[in-house]
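Take a look at the structure set out below.
In what follows, every heavy atom counts, from backbone to side chain, and hydrogens, waters and symmetry copies are set aside. All figures in this text were calculated on a predicted structure; none of them were measured in a lab.
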Amino acid sequence: RYYRYGPQNPRTHEVNRPPDITATFVDRPLLTIQTDPPNFRFKIDGNELLAPMVVNSSFFQETRFQPLGATHTLSASPQLDCRTLCIEGTRYVFQEWADSPALTRPLNWDGNSNQTYTLRYRTQFQHNFQSQNSTRGLVKVEPAPADGFYDEGSVVKLTASPAANN
């Protein structure tokens with residue numbers, strides 16, 4: 001805010017006299033909505049936004065959202081195939097909000113203190129395990145999910161079985 005001139009920013013000033021101009025900076029509490037991994041989309045009241053999002057109270061005053069202090073709805077997609085870049089064979093499955101297992105949760109922020117919401121996704125990779133020559137043998141995979149997607153960091157057991165005539 002500006003001393004004697006109100007909250008306008010930027011502000012123009014005509015230099016025609018010698019007064020002192022003083023700018024006063026005030027810390028405002030912040031609302032942070034982030035995702036892990038980063039750069040996922042989420043929704044506030046049905047409006048899609050990109051994380052990370054860090055805003056102060058003026059966000060609710062200057063946008064189409066309900067006023068500051070109203071209860072808003074934060075929601076996540078159950079599955080995403082892309083972040084800011086799509087990689088074939090990679091997907092992200094909703095895991096939880098840091099403090100809630102539900103896809104949709106209330107956002108209650110009055111603007112008086114910092115608040116952080118963290119949305120977590122589990123990264124999955126699609127793997128196809130096969131024999132180079134299936135007439136000579138097969139590869140058994142355990143566990144074997146129906147869609148071939150595995151959680152990042154999971155361990156699978158591979159068992160090679162030669163064909164009976166080998």
Testing the basics here: between [X] and [Y], what is the closest heavy-atom pair and its distance to 0.1 Å?
{"X": "Ile33", "Y": "Trp97", "result": "CG2-CZ3, 4.5 Å"}
{"X": "Ala163", "Y": "Thr135", "result": "CB-O, 3.4 Å"}
{"X": "Thr73", "Y": "Thr104", "result": "CG2-CG2, 3.2 Å"}
{"X": "Phe42", "Y": "Leu119", "result": "CB-CD2, 4.1 Å"}
{"X": "Val141", "Y": "Ala144", "result": "O-CB, 3.4 Å"}
{"X": "Pro143", "Y": "Val155", "result": "CD-O, 4.2 Å"}

Look at the side chain of Asn56 and the backbone N and O of Leu30, then say whether any donor-acceptor pair between them is shorter than 3.5 Å.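 No, the answer is negative, given that no donor and acceptor are paired below the 3.5 Å cut-off.
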Are the side chain of Ser134 and the backbone of Ser131 linked by a donor-acceptor contact shorter than 3.5 Å?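 No; zero donor-acceptor contacts below 3.5 Å.
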Is the number of heavy atoms from other residues, nucleotides or ligands under 6.0 Å of Glu88 CD greater than 12?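 No, not enclosed.
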Does Glu142, at its CD atom, have more than 12 non-hydrogen atoms belonging to other residues, nucleotides or ligands within less than 6.0 Å?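 It does: Glu142 CD has more than 12 such atoms within range.
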Is the ring pair His127/Phe129 parallel, tilted or perpendicular, if the boundaries are 30 and 60 degrees?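 Rings of His127 and Phe129: parallel, as their planes differ by under 30°.
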Taking the side chain as everything from C-beta on, heavy atoms only, tell me whether [X] gets closer than 4.5 Å to [Y].
{"X": "Ser77", "Y": "Phe94", "answer": "no"}
{"X": "Phe149", "Y": "Arg91", "answer": "yes"}
{"X": "Val93", "Y": "Tyr121", "answer": "no"}
{"X": "Thr90", "Y": "Thr123", "answer": "yes"}
{"X": "Val156", "Y": "Leu158", "answer": "yes"}

Is Val54 reachable from Ile44 through a run of I, L, V, M, F, W or Y residues, each pair having side-chain heavy atoms under 4.5 Å apart?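 Result: no, two separate clusters.
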Tell me whether Leu74 is reachable from Leu49 by hopping between hydrophobic residues (I, L, V, M, F, W, Y) whose side-chain heavy atoms are closer than 4.5 Å.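 Leu49 clusters together with Leu74.
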Spacing of [X] atom [atom1] and [Y] atom [atom2] [to the nearest 0.5 Å]:
{"X": "Gln130", "Y": "Leu138", "atom1": "CD", "atom2": "CG", "result": "11.0 Å"}
{"X": "Arg105", "Y": "Asp99", "atom1": "CZ", "atom2": "CG", "result": "4.0 Å"}
{"X": "Leu103", "Y": "Lys43", "atom1": "CG", "atom2": "NZ", "result": "11.0 Å"}
{"X": "Arg122", "Y": "Gln79", "atom1": "CZ", "atom2": "CD", "result": "10.0 Å"}

Derivation and outcome, side chain to side chain contact (heavy atoms under 4.5 Å, CB included), residues Phe125 and Glu152: CA-CA 7 Å; Phe125 300 105; Glu152 181 177 36; 3.7 Å; yes
Would you please test Asp45 and Asn47 for side chain to side chain donor-acceptor pair (under 3.5 Å) and show each step? CA-CA 6 Å; Asp45 299 336; Asn47 297 287; 5.6 Å; no
Give the C-alpha distance, both sets of side-chain angles, the deciding distance and a yes or no for side chain to side chain contact (heavy atoms under 4.5 Å, CB included) between Arg28 and Ser58. CA-CA 10 Å; Arg28 285 184 166 174; Ser58 65; 3.5 Å; yes
Are Arg120 and Glu96 ion-paired here, with the side-chain N under 4.0 Å from a carboxylate O?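 The answer is yes: the pair qualifies as a salt bridge.
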Passes side chain to side chain contact (heavy atoms under 4.5 Å, CB included), Thr32 versus Asn114? Steps please. CA-CA 8 Å; Thr32 303; Asn114 292 333; over 6 Å; no
Taking it one step at a time, do Leu31 and Leu107 satisfy side chain to side chain contact (heavy atoms under 4.5 Å, CB included)? CA-CA 10 Å; Leu31 169 66; Leu107 181 156; 4.2 Å; yes
